[in-house]
Amino acid sequence: MPTNKLSAFIKRKEFILLVIFVLVFVLMSALAPKQFLRPFNIQSMAFQLPEFGILAIAMMVVIVSGGINLSITYTATLSSIVAAVAISSMSQAGVADWKVILLGIVIALATSLAAGAINGFVVAYVGVTPMLVTLGTMTLFEGVSLNITKGGAISGFPDSFLWLGNATIIGIPVPMVIFVAIVLASWYLMGRSRFGFSVYMIGCNPRATMFSGINVKRVLMGVYLFSAVLCALSGLIMSSRYNSAKESYGSSYLLQSIAAAVLGGTDIAGGYGSLSGTVLAVMILQVITSGTNIIGINPYLTNIIMGAILIFVLALNYLSSRRESRKLG
Amino acid sequence: MDSSEFLHIEKVSKTFPGVKALNDISLSVRKGEIHALIGENGAGKSTLIKILSGVYQPDEGAEIVIEGWRAHSLTPIESAKRGISVIYQDFSLFPNLTVGENIAVARDIEKGSTFVHWREMRRTAGKILERLGVEINIDAPLGSLSIAKQQLVAIARSLTYNAKLIIMDEPTSALSKGEVDLLFRIMRSLRAEGISFLFVSHKLDELFAISDRFTVLRDGKYLGTFDEEGLDDDRLISLMVGRKIEYTIFPKRRRTESVLEVRDISRTGCFQNISFDLREGEILGLTGLVGAGRTEILQAIYGINPPDSGKILMHGTEISVRSPIDAVRHEIAYIPENRLAEGLVLRKTMSDNIVVTILDKISNRLGLIQRDKQNRLAQDWIQRLNIKPNIPEMQTSKLSGGNQQRIVIVKWLARDSKILLVDEPTNGIDVGAKMEIHRILRDLAESGMSILLVSSELPEILAIADRIIVMRRGRIAGQFDGDTATQEMIMEKAILGIKQQVR
Amino acid sequence: GGKKFTIVVMPKLVGIPYFNASEVGAKQAGVDLGINVIYTGPTTPDAAQQVRMIEDLISKGVDAIAVAPNDPAALTPVLMKARRAGILIADWDTPADKKLVDLSVHQIDDKEYGQHIWDLLVQQMGPSGDYAIITGGLSAANLNAWINAGLSYAKTKYPNLHLVTDKVPSDEKQQIAYQKALDLITAYPNLKGIIGISTPAPLGAAQAVEEKGLKDKIAVVGTALPTDSRPFLEDGSLRVATLWDPSKLGYLTVYLIDQMLSGKKPVNGQDVPNVGKITVWPDGKTVIMGPPSDFTAENAKNYSF
Amino acid sequence: MAIAMLPIILTGGIDVSVASIIAAVTVIIGNFMIGVSSNIFAVFVVGCASGAVLGLINGLLVAKLKIPPIVATLGTMSIIIGVVLYVTNGTWITGIPQNFINFGRTDLFAVSVRVGEPIGLPIQFVFLFGAAALMWFVLRHTLVGRGVYAMGGSVVSAERIGYDLGKITIFIYTFEGFLIGLAGSVHTSIMRQVDPGAFSGFELHVIAAVVLGGASVLGGYGSVFGTLLGVALFAVLNNGLILMHIPVFWQKIVVGIVLIASISVDILQKRYSESRMTRVDIEPVEG
Ligand SMILES: Nc1ncnc2c1ncn2[C@@H]1O[C@H](COP(=O)(O)OP(=O)(O)OP(=O)(O)O)[C@@H](O)[C@H]1O
Ligand SMILES: Nc1ncnc2c1ncn2[C@@H]1O[C@H](COP(=O)(O)OP(=O)(O)OP(=O)(O)O)[C@@H](O)[C@H]1O
Ligand SMILES: [Mg+2]
Ligand SMILES: [Mg+2]
């Protein structure tokens, strides 16, 4: 049955990723047996993964809609900076901790929604190419952040705020718990909901989707808002983990998140992309960075390895799909 | 192979994953003949053409002989070198380049030249357009032309290089009667020069007007080649579909209750002072020459390009439709003319394309899509319209043109609307399927839906429309009743006063 | 002792000349003292990357971590974690959270250094006139510390100096510093001096001044390595550069950590081999390496960093 | 640089590895000058050749392995810059021979207007315009160049009509590498030393400049002249703000807003004029 074949093929991409993940994991364990497999290390990887993983999902969602969001890292830091200003000034004013934190989260989300609304508005309603819009807003958000911080970092959080990024629940880091929740929520949203269905359709052919009576503009707006909210969550985790908020946190995640999304099987042209693939890709990248750090490999070599894996996996995808069609065609 | 043959193929098969599109095909094309290739939707015509042009490689064992030169398969460059030129269903032109470049570029590639000589290119293009007797600005970007003119450009292009066999996949589907006549005139004069044509069309009258021989494919198999003499419509149809089909003229009904009243709408550069009523349960035919502005009227009503002035009333109250979302809210549906770009999301599955209009119906209160409901509905519709293959998970791009069109229709049938705007619904669809679509449209009308049907095919309009509006250059030129109108009456209104221009 | 210590020295980023020079010193100290020195850091000056690397290094299990924080506050949680894991924590080059470190190695006293730079500027351009600052990045804590120290010092000591516009960032790149300097020269025709803070900045400024033929009118001073700045010092476009020897800083850091791991605290006035006499603050953990060296056209060739 | 990127964007591709290629080129020629020969001509040959080779790698990945351009170049970017920094450890290469530096400072047609203030056309502009002219010629007057536009218009059609898409792809990436090599060589002679880390973050600027110049990221549209304008506009945006005495902390905000606003206005204008485009010549009312 071609039905099975088709789904089997889609699964194959993720299967390759799974194999690679296991391979790097085993490799790292073999190279640094005592250190890599320590629960402490596993836990610390679980601490590190979410902030990047969330950004990668934020990127993936936009790519699936046929766009790209270059402003993710600055959306994250901008919303955490605005929240940080509020949190630190309120907590100095002696407001109760839980109120402060709750309000801080609300403020971060509100800021990110505003940021996402700018992206969404210009992309969907004005009709500018996403890459350009987000290139502009990237600069804009960085500028606003810098203007607030004047180049420094905003700190002075109450200790309980640090819980968000640093505590564990029965050994599982809180950020990881948040991440899993986000993955599940995104999976429902993208894979099961009307919204997600529309996003995939728009990513393939916005015009035909519009002709089908779907409110393409509103869906696109939703995509950028959703992406921005994810950014804010990542930003909050980062500011809690780093005990401060600053415009440059996570700036190196931008290109990495594109790489993760694509490595995870997202079609850069839009319309295709799976959450599980992206999550697997994020895990692969995490194991490689942590592993090479522990083994003590020159960080530039890590860059080279990641680049090579990216090309390798995509080449593999291409070759296997070609063999497939040869065999049958 | 005898020396009067230009092309001879044998044992050509092509297998796609899950589909045997061609099965052991043989065919010869003589020098200086017009050879029709016919068959139902999905019979494999387009696939065969792609093999001849080198886009697809046939399965093992194929024999292709071109003027004594033998091969098992072709590449696009080889095919062109050997004198085969193809005009595809979608023209394969470059919207971002100028008309002149689109015409002349193929020859430069064939010559393998390094540099492009603009002056010479424009001269070549100009000469060919002159030979075709059409007036198109050589320097205009192709994307700004109407579909009909783009078609002529595609034809012009195939004449630039020394094509000895011109293959045309449904070249007349976007052309009006006058333009078709022009094309045929050109084809005949080229035939006299010894150029052969392989010609795909679903329009039987055209086929009989121009073809010397017919090759019939059915379900990927070769049924035989027949001379024009001794063939008639009935025989041809029964060869194609394996059964006899009549072009049913449906009885016309007179309806009175207006559902949609269009009052004096205008849009700059598209249409002027258009007024008409669409009544409950009727099919209102909107016809005219291609480029008369019919598509624009449909798109205006559907909210894609709203009118600048005028009113649209529904059941007597004015409605404002500024976007397709508004239209859908008012239960208006639209089946666009350009199904590839506007009707379908080609890279998604049949099932996804079918349910895209009814997401609200297949999802629960939380907005989550219920997969089982989706599958059931899709499966159901695919069976009802007899779409082949019956695989809801198949990518829509892999369907044949006719089956793709059925998907577009299905997706709007799935969402029952009050008003259906249909633009050239049977373009590129075989006779059998055409009848089915006519029946579907009629049934819908009987069940109370109001249908505004744009079609350039007069027999089709006459067969199913209750009333007919004829458009000419952005204005309404005349109105007829479906049971009394004739082709002649309609044509007269459609071309009156612009005859000279068409020529 | 019998066990061979493993010490991590983490710069703000790897792959820039300044931190390459300190790597040499740190590694040398490792060889001299017979301990294992890992010198690693992020490839971009991103605090998040630093935190991740430290987390991984805690997993690896090391005896001490000396870090030059890209952002002090950001490191606080991870350094607490490291302390809990029983790792000795030090900062170097740029201070981290005072409470968390066992040792804090400063090349220089920020305040004195800032003042010194402004003194150099006045030496070259005179006590009055327009000047501008080109800095590495707007959010670099140590650069900002120097600038702020210098600015408040200048307010009282050199009231006739006039800063034309806020410090201009150059992304730690000579090319950008050069562009910005060109713009500054055009925008403020009365400019008499440019201070370049961060090692590529003075070079870019000098290049611009040289190209415009204004090296006699505009005095460029700043913090730069002598080898890189030598061509500019020699053609006069850069009047004077000032910096400490980063390799000594690396050496000193490793040396002091080794001592502490063996149970010895740094002492004020202690003479460290290959480095010289150091100053230790009363808190017992803040160590100042010593005054900076000034590099001029005459002496630049004597240095190898 | 932006000029070099234009044809790639025209085909609907994108190259984010430009910054790493130019870094690699500068390092290679830096070492070449010091180690082998400081002959200006030889240096340029080496620079362009090494750029071209790196570009070729991108081209092969995109054309032969069918990896989407943004991803392929993301990979090569990571690898190239990794290798460059691993090998050099980020150390600057100083001691560029004087003759090469002098070359970078040559002003052509220098006219002394006032004493001590020569104005003229700095040599980098000569190269910029030279590269632009070359690119213009290639795009406008060679078959490959037209193929680039054709590919951007419709890949399927281009293939059907007989363009060898693989060759075109490989050509444009190699050509881009070549021009980047040229840019790297000129840059080195101006900067007088080689900083392997100098170009990080540069790729987005290059893309922005090309697209600001009117090229469509989906391919098919764009011109050399537009790209030059885009480069100029971007340079003005980035550097002119100091001239306008805009405070530092506001500059990025201004840049961001100007960028978004200018493109938005442009798009809205285009949309308006398109919606007013005549599709049907309406019959005049008979008087
Ligand atoms: N790329 C493909 N992959 C899988 N199946 C394909 C592909 N292209 C065509 N087919 C199948 O091959 C068969 C023949 O299709 P083809 O397009 O040649 O039909 P056709 O005769 O041109 O029909 P129409 O008149 O509707 O255009 C169809 O069943 C179609 O689904
Ligand atoms: N949605 C659209 N967006 C842009 N251009 C369009 C759109 N729909 C149609 N056009 C263009 O409008 C022009 C006129 O349309 P066309 O020639 O199809 O006339 P028509 O009489 O409305 O159509 P038909 O007779 O085919 O139903 C063509 O150039 C066509 O490509
Ligand atoms: Mg077909
Ligand atoms: Mg039409």
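Throughout, protein chains are lettered first and strands after them, A, B, ... in sequence-line order, and every chain is numbered starting at 1.
- With contacts defined as side-chain heavy-atom distances shorter than 4.5 Å, the pair A/Tyr300/C/Val14 qualifies.
- Ranked by non-hydrogen atom pairs under 4.5 Å with chain A, the options C/Ile58, C/Val62, C/Thr76, C/Val8 are led by C/Ile58.
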Please assess A/Phe40 against C/Lys81 for the test side chain to side chain contact (heavy atoms under 4.5 Å, CB included), listing each intermediate value before the final yes or no. CA-CA 11 Å; A/Phe40 182 88; C/Lys81 205 164 154 187; 4.0 Å; yes
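- Side-chain contact between A/Tyr253 and C/Gln49 is present, with at least one heavy-atom pair separated by less than 4.5 Å.
- Within 6.0 Å of NZ in C/Lys98 there are more than 12 heavy atoms belonging to other residues, nucleotides or ligands.
- In this structure, C/Val51 and A/Arg241 have side chains that are in contact, with non-hydrogen atoms separated by less than 4.5 Å.
- Atom CD of A/Gln43 is separated from atom OG of C/Ser59 by 9.0 Å, given to the nearest 0.5 angstrom.
- At a threshold of 4.5 Å between non-hydrogen side-chain atoms, the residues C/Asp56 and A/Ser44 count as touching.
- No donor-acceptor distance shorter than 3.5 angstrom exists from the side chain of A/Asn243 to the backbone of C/Pro77, with no hydrogens or angles considered.
- C/Asp71 and A/Tyr249 share a side-chain donor-acceptor pair at under 3.5 Å.
- For C/Asn70, the part sitting under 4.5 Å from any heavy atom of chain A is the backbone (N, CA, C, O) and nothing else.
- Within the 4.5 angstrom heavy-atom criterion, only side-chain atoms of C/Leu57, from C-beta onward, approach chain A.
- Counting only heavy atoms from C-beta outward, the side chains of A/Gln286 and C/Arg52 approach each other to under 4.5 Å.
- Looking at A/Ile295, only its backbone comes within 4.5 Å of chain C, counting heavy atoms on both sides.
- Within a 6.0 Å radius of CG in C/Asp283, more than 12 heavy atoms belonging to other residues, nucleotides or ligands are found.
- Side-chain atoms of C/Glu55 and A/Asn41 include no donor-acceptor pair closer than 3.5 Å.
- Contact annotation for A/Phe47: only side-chain heavy atoms (C-beta onward) come within less than 4.5 Å of a heavy atom of chain C.
- For C/Lys111, the NZ atom sits in a loose shell: 12 or fewer heavy atoms of surrounding residues, nucleotides or ligands are nearer than 6.0 Å.
- Contacts with chain C were tallied for A/Ser248, A/Ser252, A/Ser239, A/Ala245; A/Ser252 has the most, counting heavy-atom pairs under 4.5 Å.
- Heavy atoms closer than 4.5 Å to chain C are found in the backbone of A/Ser240, but not in its side chain.
- Here OG1 of A/Thr289 is found 9.0 Å from CE of C/Met53. Values are rounded to the nearest 0.5 Å.
- Only the side chain of A/Glu247 comes within contact range of chain C, with heavy atoms under 4.5 Å apart.
- Rounding to the nearest 0.5 Å places CD1 of A/Ile297 at 10.5 Å from OG1 of C/Thr40.
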